[in-house]
Structures are given as C-alpha cells and as structure tokens.
Trainee: 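The structure is given below, and queries will be raised subsequently.
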Amino acid sequence: MKHALPFQLSKEKSFFESLGDWMGDVLYDELPEKGFECRDEQIFMAYQIEKVLKEKNVLFAEAGVGTGKTIAYLLPAISYARYTGKPALIACADETLIEQLVKEAGDIFKLQSYLDIKIDVRLAKSRNQYLCLKRLEDAQKSEENDDFLEEIEDQIPEFVYGHSSLQKIYPYGERSQYPGVSDEDWQKVNFHPTQQCMVCDVRNRCGQTIHRQNYRESTDLIICSHEFLMEHIWTKDSRVREGQLPLLPEVSMMVLDEGHLLEFAAQKALTYEVQSETLIRLLERVMSNGVREKTLNLIEYLQETHDKIFGLIRVGITAKDSERMAIDKTEELILLCKKAIKLTDDLLEEFVFESELFTIPEYELRMVEEFLEQYTFSLRLFTEKGDGVEWLEIIDGFETLIIMPRLVTDILNEKLFSSKLPIVFSSATLSIQKDFTYIADSLGIENFQSFSVASPFDYDEVMKIHGQNVEQDEKVNLVEQLLEDKKQTLILFKSKAAMEEYQAIAKPSSEVIYEGERELSTIVKDFQNGNFATLCSYHLWEGLDLPEEALKRVIIYDLPFPPSDPLFDAKRAFSNNPFEEVELPFMLLRLQQGIGRLIRTSKDNGEIHLLLNPEEAKLENRFVNILPTHLQK
C-alpha cells in the first residue's frame, strides 16, 4: 500500500520547497527534542541531496564519521520515493552492512519511532544469500550426515513441502536465518549459478523467489549490496529479452553507501567463473542409462580435457599474499582450452538429439546445457588476447578460474551514470585531500557534484592513536599482550590470508572469534552484546557501527595496502606510478575507514593501535596527515 508523504503539499510550494521545510523542522527541532544532536554537517548534506534530486545528477557526499549520513539521506530518499511512486534504492558495500542498516535501534528504526511514520523497507540480497532447495536435497542424499542440515531443515516452513494455503506463504531461507551454520557449510546448500531456476519444480515455493516477490512490492526503500545492484544492471536487458523480470524494480533514486567500493563490485558482477569440479559433477548427472554412446564418449573426453586444463593451471600458478593466484597462460594451456571449446560445442549438438529421446530429465539437461554455454563463453574470453584479468581462486572449496574485465568505466557510464537517475555516493572517504578525480575516473563519471564536510567529533579528546613499531613476526605476541585486559577489541587484517596466518599462530581463546566461523551479522551482534571480547575480521573496514562500550579498541594489524594479485597487478601495469596512483590511495582510503570504526557517537572513546613493521614505519610521513588526531609513540 502506498504511504502518504510525511508532510503536506500545497499549491503555493513545489515538492522540493515543501521537502526542504520539512527536513528543516525534523533536523532542527523534532529530532533534537528526542535527544539527537543538531549537526550542521548533517543538515548541509541533507539539503545537498535534495538539490541533486531536483537536478537529477550524481553527488559525491563525503561526510566524516559522526555526521549522521544515514539520516541525512533517508529523509529525502523516503520522501522522494513517495512523491514519485517508486522506491528508493540503498546499496551497501556487502550483505553484513545491509543487516547493520535495518537492525533494531538503527537509524531506520529510530526514524519510525521518533517521527511516527511507517517506513516500508525490504531487503534484496545477493542470490548466494538464499537457500537452494535442490542443493539441500543433494546434500541430504550424500553420505555425510552433517548436523547443520538438521538446523536448516527444522526452519523450512510447512508450505514448502506441504499443502498449506497460499495465504500462508512468507519469505524464508536467507543466510542470516541460520546463524549457527558456518560459511563453509552454507556454501554446500546455497544458490549456485549452475541451478536452473526457470525449470525448477519447486521454484514457486523457493525462498529466493518469495523474497524477490516481496521486495518488488516495497513503496519506500529497497536495500541491497553493491554486488547485487551491479548484477541487476548487467543482466537487466538479457532477462527482459528472455521474458523474466529484472532482479530489481524501477527505482526513483539511488544511494551508494560506502560508494568508494563500487568499482570492485562492478568488476566482480562482470566476472566469469569456471570451477574445477562443477563440470565433472554436472556431466556425471546426465550419464544415465539410454544415453547414446557418442554422447557418452564426448562427455568422457571433455572431462579428461577439463582435468588437464586445471592440472596445467595448478603447475603454473604463482603463490602470493592473496586469495587470487596468478596464472601462467602458456601456449599448451591455450590449446587445451580451445580443445575443450570444440568438444563442448560438439556435445551441445548431441544433446539436441538426446532431448528428443527423453533419456535425460529436462531439469538436468537444461542445467547442463546452460552451464556448458557459459563454460565455452568463459574459455573463449580466456583464450583471446583482450583487456581482461585472470586468476585462480578457491571458491566454495573448489579451484575456480576467474576471468574479469579490467575496466568497467564505459559500461557503467552507459548503463548507470548517463541516465537521469539521481545517484548519491555516501562515505567518509571518497576523495584524496578533497579531490574526487580518482573515484570519478575509476567509475566513468563525467558530470558530478561534490562536497566534503569534516567529522563533528573532537578526536583529540576521545581517541588515542598509538603507532607501535614492531617486527612482523612479533606482532602476534604484541596483540596477545594488548588483549589481556579484555577490552572490546576489533582486529582488522588486510586480507583473509593475513587473518588466517595470525589465527594459526595465536593462542586459542574462547574470547576471540574469527570472521567465517559463523554467519557474520550474527557474530557482530554477539560481539556488540559482549558475548566475547575480540573480533578478528578482514571485511569490516567499512560500515561497522558499534557505539559506546561495544567497541573500545581497534587494532590495525598491517597497513591495508592492496594485495599482490592479478587484479591489482593489472591496475599497477596500466598506471604511470603504481605506488602513487594505486597502492597509496587504496591504503589511505582503507586506513581512514578502519580508524572510523571506533568513534561512532559523541559518547564514544577508545584507542587505535597501528602495528608497524620496519617497512611500514618508513611510510609514517605518508599517512600521518590523514589521521584524525596525532600519532603517539
């Protein structure tokens, strides 16, 4: 049901004039009366967004920690959604930050309570955040009898397998519903790109389908991740051609929260993946009785060739400090890939005959055909000399060949930024010393407005930053000494590999939990409630909001330079000065974000510990000027 505007329109004033008056009343009077601080920076940001809505432009809104960015964009976004009849879209950096935005006692919750308005907010999560009933069935049939399957099965609604009335159908099956399931186990039952939803016999009872139907009906706000937004943009035209609805509905405006991370999400959404085991497993599913000998022979030849491809890739990979491993594209590897392409094309022709014989179930055949078409397309990209980046990565426990475009600027400009849709980038770190050129160029944005306002906090009073010079192999001992006082501590690592290296050496403790052990938003909630003292993470540099006693110390284990991996190596190769144009800007933005986790409200205080090995200590003069307070030795 469409909600009314939170203010009255009149013939004497335009919508934007009325919006401006209402925001002034809310930010100057109503919210301060409820205990909110009146912040000039927040008010300025809200009116800049109102201006962009009117002019339908792109805005880089850089506002320091504590500005109240969320409320500054929620007020105009909700009003504009109701005025246009289309929901506003808020895209967060990842799925965990989605949960942060809608948590109880968060800003949306507060606005509903304090302004006495009902906000229709719905979550649109990435496909891998939903349970796949088909994969759950496969996992239950396997020899492994894992306890996590019972936890999932117990929470599946009766209507999924029963005959309940359609009136009782409701959304279910998202990742956050199963807090006790580890990331590794979840990857055995969540949606996988090989699944063919269009021909699935339980599609109408699938949690993902029901969630999609639910958020499309939102009248105020849809919240998703950057990655899912990019997937929507890239697949929109093809889905419409195939008679499917786009992943997201038409929206009135967009807010890109932590917008400095959008580039990688755009690249990731355009990636193509080839897994070592998936092809083997899928082809085995269609090797049933009655399949012709020619088809079976082609399947076996393709499986053998595929195995040889990954054998060569393993021999030629370069082990570095990242999950992305560089590949040696030898002539032998290219020839093997071309052979696999030819075998796949021949096999697809044979499947045409098999479909007429009905020896292979339609769902299985469609799933394999779709996968093989994607497989050959990916291998053709890999064998061509283009402007792409390739690497090997372990995904869902399997070796995976990744092919990614290096640049996405032209596509983004065409499909997103050239439209007349108001788009707001919101973050504490969008510029480098008030210059927004770096982010604008990396995203292909030609015309934009921008502003930068500082944090309202007196950091000299509430934060201490300690720069501690220490040998790299002594960092673990130093951290364990710091943790002895059991202060609520967040340890940030530059990569998953760095965190795992620390975990392998550090003493086990019930007071320390690591990202990946359970569902991340559940871990964050338990940490906020004080159920353990230390949270180790490589993802939570942005957006984490833990006020007052929930977080008293942040330890930055290494300066967060980008990893030595194929993606960043490609950026370095196309720059005139890799350190100044790639390494340093990335590190400075990420360092500011990490430090920004500590002070979230005027009641917060605490300490930052930068652990600097000798090489990192030499760079002090390059980062000290971006720190919110002076560095103590």
Trainee: Step by step, would you call S126 with S225 a side-chain hydrogen bond (donor to acceptor under 3.5 Å, both in side chains)?
Mentor: CA-CA 7 Å; S126 297; S225 66; 3.2 Å; yes
Trainee: Is any NZ, NE, NH1 or NH2 atom of the basic residue among R572 and E583 found under 4.0 Å from an Asp or Glu carboxylate oxygen of the other?
Mentor: yes
Trainee: When you compare the side chain of C38 with that of P32, does any pair of heavy atoms fall below 4.5 Å?
Mentor: yes
Trainee: Is it the case that atom CG in D116 sees more than 12 heavy atoms from other parts of the structure closer than 6.0 Å?
Mentor: no
Trainee: V424 vs M253, test: side chain to side chain contact (heavy atoms under 4.5 Å, CB included). Steps then yes/no.
Mentor: CA-CA 8 Å; V424 177; M253 57 94 69; 4.3 Å; yes
Trainee: Verify side chain to side chain contact (heavy atoms under 4.5 Å, CB included) between I222 and L248, making sure each step is shown before the conclusion.
Mentor: CA-CA 9 Å; I222 296 175; L248 290 166; 4.2 Å; yes
Trainee: Do you know which two heavy atoms are closest between A506 and E480, and how far apart they sit?
Mentor: CA-OE2, 3.4 Å
Trainee: Any side-chain heavy atom of L101 within less than 4.5 Å of one from T70?
Mentor: yes
Trainee: Check the orientation of Y557 and F493. Use parallel for under 30°, tilted for 30 to 60°, and perpendicular for over 60°.
Mentor: tilted
Trainee: For the CG atom of N529 and the CD atom of Q488, what is their distance to the nearest 0.5 Å?
Mentor: 9.5 Å
Trainee: Would you check if H226 and L261 make a side-chain contact, meaning some heavy-atom pair closer than 4.5 Å?
Mentor: yes
Trainee: Would you say the side chains of E41 and T67 form a donor-acceptor pair under 3.5 Å?
Mentor: no
Trainee: Just wondering, are more than 12 heavy atoms of other shown residues or ligands nearer than 6.0 Å to CD in Q177?
Mentor: yes
Trainee: Has R597 got a side-chain atom pairing as donor or acceptor with W541's backbone, closer than 3.5 angstrom?
Mentor: yes
Trainee: Quick check for you: to the nearest 0.5 Å, what is the distance between N621 atom CG and N625 atom CG?
Mentor: 8.5 Å
Trainee: Find the distance between CD (E33) and CG (L31) and round it off to the nearest 0.5 Å.
Mentor: 9.5 Å
Trainee: Keeping D604 on the side-chain end and R600 on the backbone end, is there a donor-acceptor pair under 3.5 Å?
Mentor: yes
Trainee: How far does CD1 of I439 sit from CG of L262, to the nearest 0.5 angstrom?
Mentor: 7.5 Å
Trainee: Kindly check if the number of other-residue, nucleotide or ligand heavy atoms within 6.0 Å of NZ (K552) is above 12?
Mentor: yes
Trainee: Can a donor-acceptor pair be found, under 3.5 Å and without considering hydrogens, that links the side chain of N613 to the backbone of V470?
Mentor: no
Trainee: E607: which residues meet the salt bridge (charged side-chain N to carboxylate O under 4.0 Å, His left out) condition with it, sequence neighbours left out?
Mentor: K487, R553
Trainee: Check the pair S10 / Q8 against side-chain hydrogen bond (donor to acceptor under 3.5 Å, both in side chains), numbers first and verdict last.
Mentor: CA-CA 7 Å; S10 66; Q8 293 293 324; over 6 Å; no
Trainee: If you apply the rule salt bridge (Lys or Arg N to Asp or Glu O under 4.0 Å), what do you find for K125 with E174, and how did you get there?
Mentor: CA-CA 8 Å; K125 296 188 175 183; E174 59 185 300; 2.8 Å; yes
Trainee: Taking 4.0 angstrom as the limit, do D558 and K475 come out as a salt bridge?
Mentor: yes
Trainee: Decide yes or no on salt bridge (Lys or Arg N to Asp or Glu O under 4.0 Å) for R622 and E580, but give the supporting numbers first.
Mentor: CA-CA 10 Å; R622 302 305 304 270; E580 297 291 339; 3.0 Å; yes
Trainee: Regarding D120 and R122, does a basic nitrogen lie under 4.0 Å from an acidic carboxylate oxygen?
Mentor: yes
Trainee: Please say whether more than 12 non-hydrogen atoms of neighbouring residues, nucleotides or ligands are located less than 6.0 Å from CG in D473.
Mentor: yes
Trainee: Enter the distance from S509:OG to K486:NZ here, rounded to the nearest 0.5 Å.
Mentor: 6.0 Å
Trainee: Are F561 and F586 near enough that their ring centres are under 6.0 Å apart?
Mentor: no
Trainee: What class does the angle between the rings of H466 and H609 fall in, given that below 30° is parallel, 30 to 60° is tilted and above 60° is perpendicular?
Mentor: parallel
Trainee: With a 3.5 Å distance limit and no angle check, can you tell me whether E471 reaches the backbone of E474 through a side-chain donor-acceptor pair?
Mentor: no
Trainee: Quick one: does any side-chain atom of Q42 pair with a main-chain N or O of G68 as donor and acceptor, under 3.5 Å?
Mentor: yes
Trainee: Could you tell me whether the side chains of Q593 and S427 share a donor-acceptor contact shorter than 3.5 Å?
Mentor: yes
Trainee: Using 30° and 60° as the class limits, which term best fits the ring planes of F15 and Y80: parallel, tilted or perpendicular?
Mentor: tilted
Trainee: Please name the pair of heavy atoms, one in L598 and one in G606, separated by the smallest distance, quoted to 0.1 Å.
Mentor: CD2-C, 3.4 Å
Trainee: Can you name the nearest heavy-atom pair linking R175 to V181, along with the distance?
Mentor: NH2-O, 2.6 Å
Trainee: Please check this pair: side chain of S113 against backbone of F109, looking for a donor-acceptor N/O pair closer than 3.5 Å.
Mentor: no
Trainee: Quick one: closest heavy-atom pair of E227 and A265, and the distance?
Mentor: N-CB, 3.8 Å
Trainee: Quick check: F425 with F436 (ring centres under 6.0 Å apart)?
Mentor: no
Trainee: Is it the case that the side chain of K464 and the backbone of Q632 share a donor-acceptor pair, with hydrogens and angles ignored and the cut-off at 3.5 Å?
Mentor: no
Trainee: Does a side-chain N-to-carboxylate-O contact under 4.0 Å join R518 and D183?
Mentor: no
Trainee: Any side-chain to backbone donor/acceptor pair from E542 onto E258? Under 3.5 Å, distance only.
Mentor: no
Trainee: When you look at L19 and L75, which way does the side chain to side chain contact (heavy atoms under 4.5 Å, CB included) test go after all the steps?
Mentor: CA-CA 9 Å; L19 171 61; L75 295 177; 5.9 Å; no
Trainee: Walk me through it: do L584 and F623 pass the test side chain to side chain contact (heavy atoms under 4.5 Å, CB included)?
Mentor: CA-CA 9 Å; L584 192 61; F623 66 77; over 6 Å; no
Trainee: Roughly how far apart are H539 NE2 and L492 CG, rounded to 0.5 Å?
Mentor: 12.0 Å
Trainee: With a 4.5 Å cut-off on side-chain heavy atoms, are L483 and I491 touching?
Mentor: yes
Trainee: Main chain of G20, side chain of Y47: is a donor-acceptor contact present, judged purely on distance under 3.5 Å?
Mentor: yes
Trainee: At their closest point, which heavy atom of C536 faces which heavy atom of V512, and how far apart are they?
Mentor: SG-CG1, 3.8 Å
Trainee: Only one of L591, I465, L611 clears side-chain contact (heavy atoms from CB on, under 4.5 Å) with I556; which?
Mentor: L591
Trainee: Within the side chain of W22, is there an N or O that forms a donor-acceptor pair under 3.5 Å with the backbone of S79?
Mentor: no
Trainee: Does a sphere of radius 6.0 Å around OH in Y28 hold more than 12 heavy atoms from other residues, nucleotides or ligands, not counting ones at 6.0 Å or beyond?
Mentor: no
Trainee: Where do I626 and L588 come nearest, in terms of heavy atoms and distance?
Mentor: CG1-CD2, 4.0 Å
Trainee: Tell me which donor-acceptor pairs under 3.5 Å the side chains of residues 449-461 have, and how far apart each pair is, sequence neighbours excluded?
Mentor:
| from | atom 1 | to | atom 2 | distance (Å) |
| --- | --- | --- | --- | --- |
| Q449 | NE2 | E55 | OE1 | 2.5 |
| S452 | OG | E62 | OE1 | 2.7 |
| S455 | OG | V65 | O | 2.4 |
| S455 | OG | F457 | N | 3.3 |
| S455 | OG | Y459 | OH | 3.2 |
| D458 | OD1 | D460 | N | 3.4 |
| D460 | OD1 | T629 | OG1 | 2.5 |

